[in-house]
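The next block holds one structure in the form of structure tokens; read it before the comments.
No experiment lies behind these values; they were computed from the predicted model shown.
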Amino acid sequence: QVQLVESGGGLVQAGGSLRLSCAASGRTFNSYRMAWFRQDPGKEREFVATITWSDAITYYADSVKGRFTISRDNAKNTVYLQMNSLKPEDTAVYYCAAGSRYTTRVVGTSYEYWGQGTQVTVSS
């Protein structure tokens, strides 16, 4: 089992920044890929960004490319999402997820472990 705990959400004005953290514990050696997804009430869960533990290969949704940066600290078993130039449409609950090397990087249902989520609200 892998446990994931997100933190860093909050309320920010449009144009502002936030950094989310996701601390992983447990059998973390079983995970190959980490990702951030988000979901606004009434909408489908949306892929945001993903990174591999071993070689930090990243991939982003077009909607956040150039504004968000995903990174990882292997020593701390922690993944980060730096969010800049935030927009009201970025408002959502952000979830951290862990997957294996067989995980399809943008498909939420293929990830094995999920955190509880952290709320990000961007005011206009």
Side-chain angles (χ1 to χ4, degrees):
Q1 292 286 336
V2 176
Q3 292 78 43
L4 304 174
V5 178
E6 302 100 332
S7 61
L11 173 64
V12 64
Q13 287 189 331
S17 299
L18 281 174
R19 189 176 82 154
L20 306 183
S21 299
C22 173
S25 61
R27 299 172 70 84
T28 56
F29 56 85
N30 282 343
S31 69
Y32 169 79
R33 171 184 302 286
M34 300 293 291
W36 289 95
F37 287 78
R38 65 187 182 186
Q39 188 168 22
D40 208 15
K43 297 183 180 178
E44 292 188 357
R45 182 171 55 194
E46 177 187 15
F47 166 78
V48 176
T50 184
I51 189 168
T52 56
W53 279 117
S54 58
D55 44 15
I57 295 175
T58 60
Y59 182 75
Y60 296 90
D62 287 343
S63 58
V64 305
K65 201 172 294 182
R67 300 188 298 123
F68 291 11
T69 302
I70 189 171
S71 62
R72 93 279 189 258
D73 184 331
N74 288 34
K76 296 182 178 179
N77 284 336
T78 300
V79 174
Y80 305 97
L81 185 68
Q82 178 66 44
M83 305 185 294
N84 298 329
S85 302
L86 282 161
K87 305 174 182 179
E89 51 264 43
D90 294 318
T91 294
V93 177
Y94 283 69
Y95 296 92
C96 176
S100 72
R101 62 178 61 252
Y102 306 107
T103 295
T104 303
R105 58 187 179 181
V106 302
V107 178
T109 53
S110 69
Y111 284 79
E112 299 173 60
Y113 303 101
W114 291 85
Q116 81 289 350
T118 185
Q119 177 71 47
V120 171
T121 303
V122 184
S123 62
S124 57

Sidechain-backbone polar pair: Y32 side chain, S54 backbone, donor-acceptor under 3.5 Å: no
Nearest atoms (heavy-atom pairs only) where W36 meets S21: CH2-O, 3.6 Å
ring-ring contact (aromatic ring centres under 6.0 Å, His included) pairs, two or more places apart, involving residues 89-119: F37-Y111, F37-W114
OG1-CD distance between T91 and Q119, expressed to the nearest 0.5 angstrom: 7.5 Å
Atom pairs and distances, donor-acceptor, side-chain atoms in residues 2-9, under 3.5 Å, two or more places apart:
from: E6; atom 1: OE1; to: Q116; atom 2: N; distance (Å): 3.0
from: E6; atom 1: OE1; to: Q116; atom 2: NE2; distance (Å): 3.4
from: E6; atom 1: OE1; to: G117; atom 2: N; distance (Å): 2.9
from: E6; atom 1: OE2; to: C96; atom 2: N; distance (Å): 2.7
from: E6; atom 1: OE2; to: G117; atom 2: N; distance (Å): 3.3

Non-hydrogen atoms of R33 and S100 that approach each other most closely: CB-O, 4.4 Å
Partners passing side chain to side chain contact (heavy atoms under 4.5 Å, CB included) against E89 (at least two apart in sequence or in another chain): K87
Test applied, side-chain contact (heavy atoms from CB on, under 4.5 Å); reference residue, R38; option that passes from V120, V93, V64: V64
Reported CZ-to-OG1 distance for the pair R105 and T50, which is rounded to 0.5 angstrom: 8.0 Å
Y60 versus I70, closest heavy-atom pair with distance: OH-N, 2.9 Å
Verify same cluster id: V12, M83 (apolar side-chain graph, 4.5 Å): yes
Non-hydrogen side-chain atoms of V79 and W53 separated by less than 4.5 Å: yes
Atom of C22, atom of M34 and distance for their closest heavy-atom approach: SG-CE, 4.0 Å
Shortest non-hydrogen separation from F68 to V48 and the atoms involved: CD2-CG1, 3.8 Å
Neighbour count above 12 (heavy atom, 6.0 Å) for K76 NZ: no
Side chain proximity check, Q82 to S71, heavy atoms < 4.5 angstrom: no
Donor-acceptor contact below 3.5 Å, side chain R67 vs main chain S85: yes
Shared hydrophobic cluster for L18 and L81 (ILVMFWY, side-chain gaps under 4.5 Å): yes
Over all atoms of both residues, closest heavy-atom pair of P88 and S124: CG-CB, 3.8 Å
Backbone N/O of I57 and side chain of T52: donor-acceptor pair under 3.5 Å: yes
